[in-house]
**Q** 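I'd like to ask you about the structure that follows.
So that the names make sense, note that chain A is the first sequence line, chain B the second, and so on, each numbered from 1.
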Number of protein chains: 2
Amino acid sequence: MAKRRKVNNMLGLAVLATVIERPMHPYEMASLVRARGKDDDMRIKWGSLYTVVRNLEKHGFLEVAGSDKEGGHPERTIYRITDAGRQEYADWVRDLLATPEREQSAFKAALSVWGILTPDEVTSLLRGRVALLEKELADQRAALNGHLSEIPRLFLVEAEYDLAVREAELAWTRSLLGELSEGTFPGLDAWRHWHATGEVPQELHDLFGRGIGAD
Amino acid sequence: MAKRRKVNNMLGLAVLATVIERPMHPYEMASLVRARGKDDDMRIKWGSLYTVVRNLEKHGFLEVAGSDKEGGHPERTIYRITDAGRQEYADWVRDLLATPEREQSAFKAALSVWGILTPDEVTSLLRGRVALLEKELADQRAALNGHLSEIPRLFLVEAEYDLAVREAELAWTRSLLGELSEGTFPGLDAWRHWHATGEVPQELHDLFGRGIGAD
DNA sequence: CCTCCTTTACTCGCCTACGAATATACGTCC
DNA sequence: GGACGTATATTCGTAGGCGAGTAAAGGAGG
């Protein structure tokens, strides 16, 4: 049901996942997440870290296990996960796995308004996107294969998932690009004409009256 | 380059996309976005709307075109897009189209820590996810086909994109689920053993010493 | 024509997110 | 050994996000 969590920030999940091992101070949690390469999944914002930890404590998912003053001045506070915290953690993961969430994508938003650019410009921009994506994906795939040789898949499924989804994105974009550059995308002329003359072509005209896309 | 925008909220893009047509007041922008079915892409948060509009004005992308007092008390302020606003709008769209952004997904985060659940529970949760996803996608596909019969594809690519990506997600999840339920996913026994006895299996043991996933 | 519900339209205020500043310890290179 | 860069740890300020509250207007029943 994707209920609203007391602590919603995904960084909180990373914190719980880390501190469940043993009590530690916030900075150490972040370091561990980073060391394990999971910071790629849940980008660490240093400003948020301490807020999130404090919130987790406020809601009883963490508790202070003492504070460490030796060495560094900044008096580090050590946190320990509580039973409620373990509960919340597992529950959260269950929820995330079971409930498909519609995440909003920037690219999708851009596609929904691409009409303000000319088809030719769009084509060239998408060509750039595809090139970048190809390169990124090649690197990503190489990195994954490298890791797979020393780490069990159990700890790498999220990377496999990410790769699969991005590959689908690439494939889709490529096919769209094909339609655009070969001129088979329907309405291309009207689109071009509209930008050239500023006048709305007949076939689009009535759509502007009511809301475009309205049922 | 994905530069940091003065106004970063995607709702701002929706606002610009709407107010570019003609001057209007914030509520009308939101209504139009909703009427056009684009609220699916950029979910409208009423609290954010006015903040975003005010910010767009502060940065010179919108300007006040007068205020309307007739009728409703709440004194509506009419905004008009400026040249800078048109510029920013096009620029923003260009940027979003050309630059693939790594969006962080909740599902991905969950997959990165799925190990705390037992493989059997994960399997059952994913089965649920797949079922939900199938249903949602069937609806989405039907809706898209319905729209395609009356609206040019030009205004529906973002829906096609979304569908394609979510179908890839479904396919990937299905295949993972296959491996899990047929027992072909590597390390299943170790995983199960770990949860049953609480002891870390040999093959995972050395991974916990250093950071898992560290290079 | 009075009541009540919905739609229109916006404001308020809390909470969160996070960049930037801060401050010490720890090497290391000349 | 002192100057300087980098890693360790945390606090602070504040802009922004957004739920919830407010309030008039329009319309539908009785």
**Q** Specify the closest pair of heavy atoms between B:Ala110 and A:Val93, including all atoms of both residues, with the distance to one decimal.
**A**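 The pair with the smallest heavy-atom distance is O-CG1, 4.2 Å.
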**Q** Any heavy-atom pair between the side chains of A:Trp191 and B:Pro152 that's under 4.5 Å?
**A**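 B:Pro152 vs A:Trp191: side chains apart.
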**Q** Side chains of A:Val15 and A:Leu49, heavy atoms from C-beta outward: is any pair under 4.5 Å?
**A**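 Yes; the side chains approach each other to less than 4.5 Å.
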**Q** Enumerate the protein-to-nucleotides 19-22 of chain C contacts in which both atoms are nitrogen or oxygen and the separation is below 3.5 Å.
**A**
none

**Q** Note the angle between the end axes of the helix from C:dC1-D:dG30 to C:dC30-D:dG1, five pairs defining each, rounded to 10 degrees.
**A**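 Rounded to the nearest 10 degrees, the bend comes out at 10°.
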**Q** Tell me if a side-chain donor or acceptor on B:Thr82 pairs with a main-chain N or O of B:Gly60 at a distance below 3.5 Å.
**A**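 Looks like yes, one N/O pair under 3.5 Å.
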**Q** Looking at B:Ala106 and A:Glu103, what are the two nearest heavy atoms and their distance?
**A**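 Distance-wise, the nearest heavy atoms are N-OE2, 3.0 Å.
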**Q** Would you please confirm or rule out a distance under 4.0 Å between OP1 or OP2 of D:dT8 and any side-chain N or O of A:Tyr27?
**A**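 Answer is yes, contact under 4.0 Å.
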**Q** Taking atom P of C:dA9 as reference, at what distance in whole Å does atom CE of B:Met29 sit?
**A**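 Between P of C:dA9 and CE of B:Met29: 12 Å.
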**Q** Measure from CG on A:Asn8 to P on D:dG17 and round the result to the nearest Å.
**A**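 Distance, rounded to whole Å: 16 Å.
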**Q** For DNA chain D, which residues in residues 49-63 of chain B have a heavy atom at a distance below 4.0 Å?
**A**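 Heavy-atom contacts with DNA chain D come from B:Thr51, B:Asn55, B:Lys58.
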**Q** Are the side chains of A:Glu134 and A:Arg174 in touch, meaning some heavy atoms are under 4.5 Å apart?
**A**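 Touching, per the 4.5 Å side-chain cut-off.
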**Q** Rounding to an integer number of Å, can you tell me how far A:Glu28 CD sits from D:dA9 P?
**A**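 Computing the A:Glu28:CD to D:dA9:P distance gives 8 Å.
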**Q** Kindly indicate whether the side chain of A:Leu117, heavy atoms from C-beta on, has any atom under 4.5 Å from the side chain of B:Leu97.
**A**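 Yes - at least one pair of side-chain heavy atoms lies under 4.5 Å apart.
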**Q** Contact between A:Val165 and A:Glu169 at the side-chain level, heavy atoms closer than 4.5 Å - yes or no?
**A**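 A:Val165 does not reach A:Glu169 side chain to side chain.
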**Q** Evaluate the ring planes of B:Trp172 and B:Phe107, with Trp represented by its six-membered ring, and classify them as parallel (under 30°), tilted (30 to 60°) or perpendicular (over 60°).
**A**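 If you compare the ring of B:Trp172 with that of B:Phe107, the planes turn out perpendicular.
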**Q** Using a 4.5 Å cut-off on heavy atoms from C-beta on, say whether the side chain of B:Leu13 contacts that of B:Leu96.
**A**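 B:Leu96 reaches B:Leu13 side chain to side chain.
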**Q** Send over the distance from B:Asn9 CG to D:dG17 P, rounded to a whole Å.
**A**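 Computing the B:Asn9:CG to D:dG17:P distance gives 4 Å.
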**Q** Measure CE/B:Met10 against C1'/D:dG16 and give the value in whole Å, please.
**A**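 Rounded to whole Å, this separation is 16 Å.
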**Q** To the nearest Å, give me how far apart CE (B:Met24) and P (C:dA9) are.
**A**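 To the nearest whole Å, that distance equals 12 Å.
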**Q** Are B:Phe61 and B:Ile81 side-chain neighbours, meaning at least one heavy-atom pair lies under 4.5 Å?
**A**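 A side-chain contact under 4.5 Å is absent here.
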**Q** How long is the line joining CD1 of A:Ile44 and P of D:dT8, in whole Å?
**A**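 Rounding to the nearest Å, CD1 of A:Ile44 and P of D:dT8 are 12 Å apart.
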**Q** Would you kindly give the CZ-to-P distance between A:Arg76 and C:dA23, to the nearest whole Å?
**A**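 It works out to 19 Å between those atoms.
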